[in-house]
Peer 1: 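A single structure is presented below for examination.
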Amino acid sequence: MGNSYLINYLILSILFLYSSVNFPQYNPNKIDLIQTTATRQFSKTILYKYLSSSDSTDIIAALISISHSEDTSFVQELIKMNFDKYGKWISFASGQIGNSDSVKHYLWERLYNSRSNFSEAIFSAIGKLGNQKDFAELINFYNEHPETEGIEEAILQFRIKNLTNDLSKNILIKEFSNAGTSLERKKKILFTLARLGSDSLINSDLTKVLIENHDNEMLQLALMNFRIQKYFPNNTELINYLFNMDNEVKIELVKALPYSDTTDEVLKLFTRILSDTTSNENVFLETIKAFQVKKWEADLLNDYGIESLLKQIIQNNKKSFIVSEAIKTYEHLFGHNELSRDTLLLKNLSEINLIQLFISEKNYLAFYSLSKFYERITDPKQKLNALEIFLKHNNEFAEDTNFIYFILKELKSDNPASISVIADGIDSNFISTNSDSLIKISTVQANKFKHNSDFIEALMSLVNLAGKISDRFQKELIQDLSDTKLYSLRKYLKKLSPGIDTGNKPFDNLSELINESFNYSGAMIKTNKGDIGIRFRPDFAPITVGNFVFLSKKNFYNGIKFHRVVPGFVIQTGDPTGTGWCGPGYEIVSEFSPEEYHTGKIGIASSGKDTEGSQFFIMQGYYPHLNGRYTFFAEVIKGLDVVMNIAEDDYIISVELLK
């Protein structure tokens, strides 16, 4: 890995030592606070005990606990506190609790009056809570006080809510070009600019970053902005220089290169990658996908033998997800007729790839024949992929009784992924034509699985499907589900039917999870690609750490695949089915914090607040839109190069806990 990671790790270690001495959130002496937070009781007796403590660590722990409560009655307590001392944590809690005019007024007042060191935290909270009027006030504030740092925090939060304007982009460009802007701020500015669509006004600065900067996250973000603009500098030396950087930089490079006018150099590099059997699999995959973003000159493709290369990959590669992308690329560049008639090639394809290839052949195979391919698939994830392919062609099979029978049969299955994908994927025509059957099946499935945490998303999908059938049926289904033992499902139902009682979060093994949380310093995750050493952060997420330890002791993670890999973003694992839809059979709670999601940070996947379980992800880049939205519970301290080499279907061999 690049030297930047060693430097960043040393800095991170120093900051961790400082923060652990001064501002830990949780520790073994705060069991009552951890318990009331985890069970979602938020006892005011316990919380006010910590808020009134003379110990700063107690107060900060209570503020982070309050941030999970969604109880705006705490606002009056927050605004009475010493902002000069606890401004970062007060702002975070305020932004997480929920909208309140009084807390927004308080935050604006703090911003105008104090111009404190906590301006970034205030900006972030205002962005989370604010509306269009607040967005306009934000721009006015910057015009009056351009020296106040952190406005990019608010602009990012407003963008997440789809509130944007050109003035905010101009502000970001100005702040990025400012020589006094710190590296960390520049990263967030570049990420936010990319989310806004980027702008050619920063291209000279971006080129300078690529030439002079050695921080991999900055290089990734600069390349991301070029890609968003559909532009890349016509600089052959720069291309070669960047290709010699670490894999995460190479990944972003190949994503951006199709927009370079130096097509010969680009194709030369792409050919080199696709011809090299030792290429990093994620770089290899993104190179294949890079051909799909535009039309290429036929003569140049012929000169570099791209058609032949793709055919070799389709015929010889053993990983279906790579073959799948190669088929998409081949069809984009050359059409699909020749592939579907190449008998030697067809002989080597898996069933999922045959479905992908033949689905567009309207007169070649009827749906009945395609469903036979589906029945022969044994891998759960591939079956799910096939199902998604079928649903994309909903209209084409609408009158086919075999298709209708197949969809209804899969909706009756015990597979939560199938239930959810079908409920979300069938179109209005299918729903209206088969409404009676859908009502019967949805009712049975909802009642059958309403206490099973693996089916949370499936149950939500069935409720949404019910709404598409009729308001009356949706109300009936909500009533059927109202006695669910799943806390997160009750919260979801309450949004649709305010009369639902969410109650508290039940925990059968809460004491065990809390005890485990502080027993180990970290773990060594052994994978087929190498070892990844991680350090736990129970000071932010004791329940999540305790749950990871609990599952690791049961060997839960042994043999589990990395079912989701988004190169340059995250690698994700923890689902024993390998589909991304299941977990340990229960749900824990969210433990959000203001920690930043940089490269190597580890978070817990979820389908909404308080739906976490066993699935976790490791960052391959800097993505601040995740901050405060996913539970951060650990960080990589060894094996970042392994993290960057993990590809889809790689797997965990075992997890060794470390004292």
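Sequential numbering from 1 along the given sequence is applied to the chain's residues.
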Peer 1: Under the side-chain hydrogen bond (donor to acceptor under 3.5 Å, both in side chains) rule, what do S200 and N203 come out as? Steps first, then yes or no, please.
Peer 2: CA-CA 5 Å; S200 61; N203 284 357; 5.0 Å; no
Peer 1: Minimum heavy-atom separation for V254 to A290, with atom names?
Peer 2: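 So the two residues come closest at O-CB, 3.4 Å.
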Peer 1: Is it the case that atom CZ in F406 sees more than 12 heavy atoms from other parts of the structure closer than 6.0 Å?
Peer 2: yes
Peer 1: Please determine whether the number of non-hydrogen atoms from other residues, nucleotides or ligands lying under 6.0 Å from atom CG of D299 exceeds 12.
Peer 2: no
Peer 1: For K230, I'd like to know if atom NZ has over 12 heavy atoms of other residues, nucleotides or ligands within 6.0 Å.
Peer 2: no
Peer 1: Ignoring hydrogens and angles, state whether a donor on the side chain of Y374 or E351 is under 3.5 Å from an acceptor on the partner side chain.
Peer 2: no
Peer 1: Specify the closest pair of heavy atoms between S198 and N225, including all atoms of both residues, with the distance to one decimal.
Peer 2: OG-OD1, 2.7 Å
Peer 1: Are K319 and E648 within salt-bridge range, i.e. N to O under 4.0 Å?
Peer 2: no
Peer 1: Parallel, tilted or perpendicular: which fits the ring planes of F548 and F633, with parallel below 30° and perpendicular above 60°?
Peer 2: tilted
Peer 1: What distance do F232 atom CZ and L206 atom CG have between them, rounded to the nearest 0.5 Å?
Peer 2: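 That separation rounds to 10.5 Å.
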Peer 1: Taking NZ, NE, NH1 and NH2 as the nitrogens, is one of them in E331 or K328 under 4.0 Å from a carboxylate oxygen of the other?
Peer 2: no
Peer 1: What is the minimum heavy-atom distance between T579 and P380, and which atoms define it?
Peer 2: CG2-CB, 3.5 Å
Peer 1: Are more than 12 heavy atoms from other residues, nucleotides or ligands located less than 6.0 Å from atom OH of Y241?
Peer 2: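 Yes - once you tally the heavy atoms of other residues, nucleotides and ligands closer than 6.0 Å, there are more than 12.
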Peer 1: Minimum heavy-atom separation for P258 and V293, please, with both atom names.
Peer 2: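 Smallest heavy-atom distance, with atoms named: CB-CG2, 3.4 Å.
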Peer 1: Does any N or O in the side chain of Y597 come within less than 3.5 Å of the main-chain N or O of F632, such that one atom is a donor and the other an acceptor?
Peer 2: yes
Peer 1: If I compare all heavy atoms of K250 with all of L242, which pair ends up nearest, and what's the gap?
Peer 2: CG-O, 4.3 Å
Peer 1: Within a radius of less than 6.0 Å around CZ of R376, do more than 12 heavy atoms belonging to other residues, nucleotides or ligands occur?
Peer 2: yes
Peer 1: Below 4.5 Å, heavy atoms only, C-beta onward: do L462 and F455 meet side chain to side chain?
Peer 2: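 A side-chain contact is absent here, since even the closest heavy-atom pair is not under 4.5 Å.
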Peer 1: Any sub-3.5 Å donor-acceptor pair from S308's side-chain atoms to G305's backbone N or O?
Peer 2: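 Side chain of S308 to backbone of G305: no pair is present.
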Peer 1: Counting only heavy atoms not in K347 (residues, nucleotides, ligands), do more than 12 fall under 6.0 Å from its NZ?
Peer 2: no
Peer 1: Test side chain to side chain contact (heavy atoms under 4.5 Å, CB included) on I355 and N385; report intermediate values, then the result.
Peer 2: CA-CA 10 Å; I355 289 172; N385 291 342; over 6 Å; no
Peer 1: Indicate the atoms forming the closest heavy-atom contact of A326 with I313, along with that distance.
Peer 2: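 Residues A326 and I313, closest heavy atoms: CB-CG2, 3.9 Å.
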Peer 1: Give me the ring orientation class for F617 and Y630: parallel if the planes are under 30° apart, tilted from 30 to 60°, perpendicular past 60°.
Peer 2: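 Answer is perpendicular, since the angle exceeds 60°.
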Peer 1: Is it true that K187 and E596 have a side-chain N and a carboxylate O under 4.0 angstrom from each other?
Peer 2: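 Answer for the salt bridge query: no.
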Peer 1: Is a donor on one side and an acceptor on the other found under 3.5 Å between the side chain of E587 and the backbone of G613?
Peer 2: no
Peer 1: Over 60° means perpendicular and under 30° means parallel, so classify the ring planes of W296 and F291, tilted if in between.
Peer 2: tilted
Peer 1: Would you please indicate yes or no on a ring centroid separation below 6.0 angstrom for Y231 and Y259?
Peer 2: no
Peer 1: Going by heavy atoms in the side chains, are N547 and T544 under 4.5 Å from each other?
Peer 2: no
Peer 1: Let me confirm one number: the CD1-CG distance from I288 to L310, rounded to the nearest 0.5 Å.
Peer 2: 7.0 Å
Peer 1: Let me know which of Y651, F616, F550, F562 forms a ring pair (Phe, Tyr, Trp, His ring centres under 6.0 Å) with Y557.
Peer 2: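 Filter result, single survivor: F616.
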Peer 1: Does the pair Q292 and E325 meet the rule for a side-chain hydrogen bond (donor to acceptor under 3.5 Å, both in side chains), with working shown?
Peer 2: CA-CA 9 Å; Q292 299 173 23; E325 288 302 332; 2.9 Å; yes
Peer 1: Run D575 and S614 through side chain to side chain contact (heavy atoms under 4.5 Å, CB included) and show every step you take.
Peer 2: CA-CA 7 Å; D575 172 11; S614 55; 6.0 Å; no
Peer 1: Is NZ or CZ of K268 both nearer than 6.0 Å to the six-membered ring centre of Y304 and within 45° of the ring axis?
Peer 2: no
Peer 1: Name the residue from R629, K609, E612 that meets the side chain to side chain donor-acceptor pair (under 3.5 Å) definition with S590.
Peer 2: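 Per the side chain to side chain donor-acceptor pair (under 3.5 Å) rule, the option paired with S590 is E612, out of R629, K609, E612.
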Peer 1: Which class fits the ring pair F403 and F367: parallel under 30°, tilted 30 to 60°, perpendicular over 60°?
Peer 2: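 Perpendicular.
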Peer 1: Are the side chain of H625 and the backbone N or O of T192 linked by a donor-acceptor pair below 3.5 Å?
Peer 2: no
Peer 1: If we ignore angles and hydrogens, is there a donor and acceptor under 3.5 Å between the side chains of E457 and S420?
Peer 2: no
Peer 1: Is the backbone N or O of G583 less than 3.5 Å from a side-chain atom of D454, with the two atoms forming a donor-acceptor pair by type?
Peer 2: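 Side chain of D454 to backbone of G583: a pair is present.
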Peer 1: Taking atom types as modelled, is there a side-chain donor on T599 or E248 under 3.5 Å from an acceptor on the other?
Peer 2: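 No, E248 and T599 have no side-chain donor paired with an acceptor closer than 3.5 Å.
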Peer 1: So H393 and F397, would you call those rings parallel, tilted or perpendicular, with 30° and 60° as cut-offs?
Peer 2: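 Plane angle between 30° and 60°, so tilted.
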Peer 1: Atom CG of D649 and atom NE2 of H563: how far apart are they, to the nearest 0.5 Å?
Peer 2: 11.0 Å
Peer 1: Under 4.0 Å between a Lys/Arg side-chain N and an Asp/Glu carboxylate O for D215 and K186?
Peer 2: no
